[in-house]
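All of these numbers come straight from a predicted model, not from anything done at the bench. Along the sequence shown, residues are numbered consecutively beginning with 1.
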Amino acid sequence: MDTNNFAFRHIGIGEKDIPSMLEAIQVQSLDELIEKTIPGNIRLKSLLDLPAPMTERELGEHIADLASKNEVFTSYIGRGWYDTVVPPVVQRNILENPVWYTSYTPYQAEVSQGRLEALFNFQTVISDLTGLPLSNCSLLDEATAGAEAVLLLQNERSRPKAKAGANKVLVDKNIFDSTIDVIRTRALPQGIEVVVDDYTNFEFAEDVFGVILQYPNARGEVIDYSALVSKAHEADVKVAVAADLMSLVMLTPPGEWGADVVFGTAQRFGTPMYFGGPSAGYMSCRMEYKRTIPGRIIGLSKDRNGRPAYRLALQTREQHIKRERATSNICTAQALLATMSGFYAAYHGPEGLKQIARRIHSLASVAAEELKKLGLKIRYANFFDTLFVELPEGVSQADIRQIAEDCRVNFYYTPCGNVMMSIDETTLSGDIGVILYIFASALGKESTFNGGIDETVVSVDKQFLRKSGFLTNDVFNRYHTETEMMRYMKRLERKDISLTHSMISLGSCTMKLNAASEVIPLSNPAFCNIHPYAPKDQVEGTMEMLENLMKYLGVITGLPAVSLQPNSGAAGEYAGLRTIRAYHDARGNTERTKVILPASAHGTNPASAAQCGYEPVIVKSDENGNVDINDFMSKTEEYKNQIAAMMITYPSTHGIFETNILDLCKRIHECGGFVYMDGANMNAQVGLTNPGFIGADVCHLNLHKTFAIPHGGGGPGSGPICATEELAPYMPTHRNWEGELPDDHNVVAASPYGSAGVDVVSYAYIRLLGAEGLMQATKIAILNANYMMSKFKDTYGIVYTGATGRVGHELILDCRYLKDRSGVDENDISKRLMDYGYHAPTLSFPVHGTLMIEPTESESKEELDRFCDVMLKIWDEIQEVKEGKADKEDNVLKNAPHPQYEVAADEWSHSYPRSKAAFPMGFLNDNKFWINVARVDNGYGDRNLVPTYTCCTITPSEN
């Protein structure tokens with residue numbers, strides 16, 4: 001045992017465990033298993049060229065050294081990112097708490113009630129502040145939310161507009177550049193023409209379907225848009241508004257002056273700037289848009305006993321169900337950050353938020369008046385927090401910048417030669433004094449500011465002030481002391497299963513260990529309190545880390561050109577396809593409109609292809625789960641000159657390494673297309689093979705899967721893309737510090753490096769494991785899956801195995817025949833697992849009626865065996881029903897899960913004892929996870945959507 005070797009801590013299987021596991025699999029060695037699993041013609045011949053592994057102590061010292069190279073200046077840059085105070089109670093109990101950051105997307109409602117309620121809170125915050133009734137439980141960032149808003153408006157065109165082929169969206173020029181850039185990128189493949197102009201020049205012609213505004217606008221001005229909105233609606237044109245969430249505490253919400261959609265970011269509600277991300281994007285809209293709003297929605301439903309219960313609602317809209325017909329490809333969003341923002345709002349409550357917003361505005365107002373005393377002009381009289389300062393003749397931006405940086409202050413320097421500043425929650429009276437000193441010095445004057453701040457000052461015109469109330473529900477008016485908030489968080493925490501409780505066996509989502517040493521840097525102020533537009537000489541440590549990470553990912557994938565900009569896996573899919581499209585467009589290959597997709601493709605693949613303007617061509621699977629080669633050859637011949645790309649997951653979503661992958665790639669190249677490899681299953685490749693060696697031209701990586709960024713209840717994610725040198729010129733780009741953007745731009749996120757703040761986790765993961773550790777992790781992941789296969793092949797049965805009878809890093813249990821024989825289905829098994837303290841495997845994907853399991857390399861043999869024993873115990877319970885020993889309807893499977901309130905009730909109405917329901921195996925006597933709701937009605941929430949407390953007709957029992 002080498003206590004300095006991190007691989008020993010990360011990999012759950014020890015050397016002493018391997019012989020018995022190999023014996024169960026019936027191979028002589030781990031190398032023999034790999035040889036029988038991964039085709040020899042795609043195996044790497046040497047170790048990856050990566051730095052030697054660090055110990056955890058060495059990593060800590062290395063991270064501290066990188067952090068020391070960053071200069072954390074006071075930032076007034078704004079542009080969508082603002083310094084904020086993360087309440088310590090939120091930082092400690094949410095951000096740094098593995099119960100919250102290791103939980104999975106809440107698809108299994110009964111073991112997700114805590115995070116579902118937290119996200120429901122977030123939705124209520126968004127709806128209340130924006131003045132619109134329906135909101136989702138987070139998007140990726142403000143810019144991508146803006147692009148999604150454009151697509152929503154297009155999808156919600158009236159019949160006359162759609163019939164007339166209306167394809168123009170008018171975007172006011174005073175919107176953040178990053179939002180405009182992403183809208184342009186996303187609109188082009190959808191045939192949408194983006195017209196950027198001054199909103200006062202807008203003409204609502206027949207071909208216009210939407211308008212995008214910003215409130216306050218990118219120059220900080222608060223404008224009355226109500227007349228414009230009325231004019232737009234008269235012309236059958238819908239309006240979406242980018243809104244600063246903190247300003248809506250004080251200003252009239254857009255929903256009250258007619259906006260149809262409101263979007264933005266919740267970053268300043270208790271999430272650090274993180275050099276650009278992650279933070280929760282948001283969107284709210286009219287209730288009639290519930291079928292087209294992107295992302296996930298939490299609804300309030302009932303369990304089978306009629307008690308209130310939260311669940312994901314309206315899931316039929318989502319990409320994994322609608323596939324190429326989906327209105328969005330969003331999968332991972334920013335759930336952990338949305339959760340933090342919801343708790344931020346609950347902790348402060350409406351009165352606390354009003355105080356924060358008033359203080360921000362008052363400080364900005366005082367700064368404006370004092371700058372005027374120095375002879376400077378503030379261009380806009382109506383503002384919330386952002387001042388546009390016009391520089392007089394003889395004073396340049398360079399003059400201001402030199403003094404400001406000497407004072408460790410960053411402003412935003414406009415392209416027109418002036419200066420802007422955005423006051424934030426962290427600004428104090430002394431900071432205003434520093435700002436005034438900077439300008440006074442540049443002017444050769446002295447400020448007379450005495451430090452006094454009247455926090456009741458309101459300088460914005462009264463017509464803009466909010467009159468409506470918000471956050472009136474009890475949850476936002478009860479937990480204002482740290483003691484009460486801590487207990488509320490703990491109460492919700494106890495309702496959720498996470499990796500702190502047991503293995504999460506989900507296939508395709510790789511719920512591996514998120515080691516403490518990897519996630520600790522997420523709270524380091526030197527990394528999280530820097531603005532994405534901070535000058536590069538202030539962020540040398542972060543840039544060194546990101547550049548090294550890109551280099552390592554290029555080595556691991558065999559694809560040297562890397563972009564970190566996509567901030568989720570699905571965003572990475574889009575970015576990769578957009579890169580391919582940009583290549584074809586540059587060569588006039590307009591006829592290449594098809595993307596070849598295996599039927600087993602990841603659910604987001606067809607949606608991403610459609611979002612990129614491509615038509616998916618589905619290739620069937622053969623009886624062994626492989627790509628049907630005859631159908632593949634037929635389709636590629638039929639569409640030979642129209643193929644832009646093939647999207648393929650490897651190993652396949654069926655959990656196997658297809659032996660003809662090289663031939664598939666070669667054929668696509670012969671047709672003039674590119675190979676896009678979905679990186680969802682990279683956990684079975686790292687160190688043993690890679691996309692570049694196999695023949696892919698571009699791939700995305702789910703850093704929240706293979707590379708240890710935690711799932712956070714559905715996000716954050718990070719989805720960088722790696723590509724060949726040939727595609728490098730067409731990779732995502734972004735504006736530089738001066739605001740310049742290359743002509744052939746392909747902007748897919750608000751910030752240049754996407755969710756840069758969490759990428760340090762993946763960097764740490766690679767540095768801790770090194771080449772040998774990464775390869776061993778892959779081998780053990782494959783070992784664990786094949787070991788589990790040996791346990792289940794004679795009971796449930798395995799749907800697909802490879803050419804030599806092996807699976808990759810995941811396996812699919814066949815439950816399709818159970819319903820006819822016993823009446824029990826895969827959903828019943830999933831619910832019964834909860835009584836044993838386990839989260840369900842992936843349900844009915846990629847094959848309906850099955851369960852897909854991915855054990856990951858982090859789990860111990862003891863935990864694998866316990867899970868297998870539980871599944872085999874459930875198998876026995878199924879046989880009891882089949883053989884008539886248990887009632888067909890009143891049995892432990894059909895009634896699962898059994899909540900605590902039912903087990904503890906005075907009366908027990910079932911034909912089996914309470915002990916069988918709640919304590920079917922001995923280990924549960926020492927470690928029982930109690931569920932607080934019975935099986936949740938999967939239909940109720942869709943028929944009667946209750947997305948926020950504001951809309952509630954049912955009051956949650958704990959609030």
Side-chain angles (χ1 to χ4, degrees), residues 1-2 5-50 52-53 503 505 507 510 512-513 556 558 624 650-652 654-659 661-662 681-690 693-694 706 768-794 798 800-812 853-868:
M1 171 173 150
D2 182 358
N5 182 358
F6 176 74
F8 171 78
R9 304 297 189 185
H10 174 81
I11 298 172
I13 303 299
E15 288 298 322
K16 63 179 176 55
D17 301 315
I18 293 177
S20 62
M21 297 175 74
L22 294 174
E23 182 179 358
I25 298 169
Q26 296 183 333
V27 294
Q28 298 301 309
S29 68
L30 191 53
D31 286 339
E32 181 188 345
L33 172 63
I34 299 304
E35 288 168 8
K36 288 186 174 183
T37 304
I38 303 178
N41 60 351
I42 65 166
R43 291 280 303 279
L44 297 177
K45 309 306 180 190
S46 59
L47 276 176
L48 297 171
D49 183 16
L50 295 171
M503 70 177 284
S505 62
T510 316
K512 66 170 64 182
L513 172 71
I556 290 167
N624 297 314
Y650 200 72
S652 75
H654 289 156
I656 53 178
F657 286 88
E658 300 190 33
T659 56
I661 184 66
L662 295 181
N681 289 345
M682 273 298 294
N683 212 46
Q685 284 194 42
V686 177
L688 299 177
T689 184
N690 65 43
F693 193 73
I694 292 168
T706 302
L768 285 167
L769 282 173
E772 289 190 5
L774 289 169
M775 183 172 65
Q776 183 69 0
T778 307
K779 288 180 178 180
I780 296 300
I782 293 171
L783 172 68
N784 288 353
N786 281 276
Y787 177 68
M788 287 189 125
M789 182 185 76
S790 73
K791 296 278 191 176
F792 298 137
K793 62 184 175 64
D794 296 328
I798 311 302
Y800 296 118
T801 56
T804 58
R806 306 297 171 190
V807 295
H809 66 313
E810 57 193 3
L811 59 150
I812 303 175
I853 296 172
E854 181 181 354
T856 88
E857 73 276 8
S858 301
E859 299 299 340
S860 67
K861 184 174 181 296
E862 180 183 19
E863 182 68 359
L864 297 182
D865 286 337
R866 182 184 296 112
F867 179 81
C868 290

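Here CE of Met21 is found 9.5 Å from CG of Leu30. Values are rounded to the nearest 0.5 Å. Taking CD1 from Ile42 and CD from Gln685, the interatomic distance works out to 7.0 Å, rounded to the nearest 0.5 Å. One distance of note links CZ of Phe867 with CD of Glu859; it measures 10.0 Å at 0.5 Å rounding. Considering CD1 of Ile853 and CZ of Phe792, their distance stands at 5.0 Å, rounded to 0.5 Å. Rounding to the nearest 0.5 Å places NE2 of His809 at 7.0 Å from OG1 of Thr706. One finds the CD1 atom of Ile694 at 9.5 Å from the CG atom of Asn41 (value rounded to the nearest 0.5 Å).
Side chains of His10 and Leu768 form no contact here, defined as non-hydrogen atoms less than 4.5 Å apart. Side-chain atoms of Leu48 and Met775, non-hydrogen and from C-beta on, never get closer than 4.5 Å to each other. For the pair Pro53/Phe6, no side-chain contact is recorded, criterion being any heavy-atom separation below 4.5 Å from C-beta on. Side-chain atoms of Thr801 and Met789, non-hydrogen and from C-beta on, do get closer than 4.5 Å to each other. Contact annotation: the side chain of Asn690 never approaches that of Ile556 to less than 4.5 Å [non-hydrogen atoms, C-beta and beyond]. Between Tyr787 and Asp865 the shortest side-chain heavy-atom distance falls below 4.5 Å. No side-chain heavy atom of Lys791 sits under 4.5 Å from any side-chain heavy atom of Leu864.
Closest approach of Ser790 and Ala24 over heavy atoms only: CB-O, 3.5 Å. When all heavy atoms of Gly808 and Thr37 are compared, the closest pair comes out as CA-CG2, 4.1 Å. The shortest heavy-atom contact between Ile38 and Arg43 is CG2-CD, 3.7 Å. Pairing each heavy atom of Glu658 with each of Ser652, the nearest pair is OE2-CB, 3.7 Å. Taking every heavy atom of both residues into account, Phe657 and Ala684 meet most closely at CZ-O, 3.3 Å. In terms of heavy atoms, Arg806 sits closest to Val27 at NH2-CG1, 3.5 Å.
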Next item on the list: List the steps, then state whether side chain to side chain contact (heavy atoms under 4.5 Å, CB included) holds for Tyr650 with Asn681.
Entry: CA-CA 6 Å; Tyr650 200 72; Asn681 289 345; over 6 Å; no
Next item on the list: Using the side-chain hydrogen bond (donor to acceptor under 3.5 Å, both in side chains) rule, take Glu857 and Asn683 through it: C-alpha gap first, then chi angles, then the decisive distance, then the call.
Entry: CA-CA 9 Å; Glu857 73 276 8; Asn683 212 46; 3.0 Å; yes
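Using modelled atom types, one side-chain atom of Glu854 and one backbone atom of Thr510 make a donor-acceptor pair closer than 3.5 Å. Checked by atom type and distance alone, the side chain of Gln776 never pairs as donor or acceptor with a backbone atom of Ala7 at under 3.5 Å.
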Donor-acceptor list for residues 778-786 side chains, cut-off 3.5 Å, not counting sequence neighbours:
{"unit_1": "Thr778", "atom_1": "OG1", "unit_2": "Val686", "atom_2": "O", "d": "2.6"}
{"unit_1": "Thr778", "atom_1": "OG1", "unit_2": "Leu774", "atom_2": "O", "d": "3.1"}
{"unit_1": "Lys779", "atom_1": "NZ", "unit_2": "Asp31", "atom_2": "OD1", "d": "3.3"}
{"unit_1": "Asn784", "atom_1": "ND2", "unit_2": "Thr856", "atom_2": "O", "d": "2.8"}
{"unit_1": "Asn786", "atom_1": "OD1", "unit_2": "Val807", "atom_2": "N", "d": "3.1"}
{"unit_1": "Asn786", "atom_1": "ND2", "unit_2": "Ile782", "atom_2": "O", "d": "2.8"}
{"unit_1": "Asn786", "atom_1": "ND2", "unit_2": "Val807", "atom_2": "O", "d": "2.9"}

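Asp2 CG: more than 12 foreign heavy atoms inside a 6.0 Å radius. The environment of CD in Glu772 is sparse: at most 12 heavy-atom neighbours from other residues, nucleotides or ligands sit within 6.0 Å.
Residue pairs meeting the side-chain hydrogen bond (donor to acceptor under 3.5 Å, both in side chains) criterion with at least one member in residues 11-28: none, sequence neighbours excluded.
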